[in-house]
Amino acid sequence: MRAAVAAGVFLGTTFAIAVVFFIPVIVFNLSRIEALEIAGRHIPVTQFADELGALFWGTFIVALAFTSFIASLLLFATGRIIRPHRKPVRTDDALVHLNVLRLSGAER
């Protein structure tokens, strides 16, 4: 169940990022339309819709790569890398370290 939820969140996030990345593309392409004349070419509406669909899926692939990178960071980052865990210093260890420091000082 958790895997299905994680996969759903992953795909939902990917789709949302693809939409956010696609907004500038669609705005740019809609600003170029002049009675279905795009960059000096006359094309039918269906062909223009197909081009926008292809642009969206290209953007979706970029968003998928971005989300996969973030997901891999979250999945494979261990606690040691993010939050190092130090052992509490015991009194015996402190005495051993103190003796080592005495031997390495001027008394040597």
Aromatic rings F60 and F56: how do their planes relate, parallel, tilted or perpendicular, breaks at 30° and 60°?
tilted
In Å and rounded to the nearest 0.5 Å, what is the CG to CG distance from N29 to L55?
5.5 Å
Could you go through L64 and F10, starting from their C-alpha distance and side-chain angles, then the distance that decides it, and tell me whether this counts as side-chain contact (heavy atoms from CB on, under 4.5 Å)?
CA-CA 9 Å; L64 182 63; F10 177 79; 3.9 Å; yes
F69 side chain reached by L73 side chain, heavy atoms, under 4.5 Å:
yes
Which pair of non-hydrogen atoms, one from F22 and one from T59, has the smallest distance, and what is that distance?
N-CG2, 3.7 Å
Shared hydrophobic cluster for I61 and L11 (ILVMFWY, side-chain gaps under 4.5 Å):
no
Could you tell me the separation between the CD1 atom of I70 and the CG atom of L75, rounded to the nearest 0.5 Å?
11.5 Å
Quick one: CZ on F21 to CD1 on I23, what's the gap to the nearest 0.5 Å?
11.0 Å
Which is it for V62 and F66 under the side-chain contact (heavy atoms from CB on, under 4.5 Å) test, yes or no, and what are the steps along the way?
CA-CA 6 Å; V62 171; F66 179 76; 5.7 Å; no
Given the rule that I, L, V, M, F, W and Y join up when any side-chain heavy atoms are under 4.5 Å apart, are V27 and W57 in one cluster?
yes
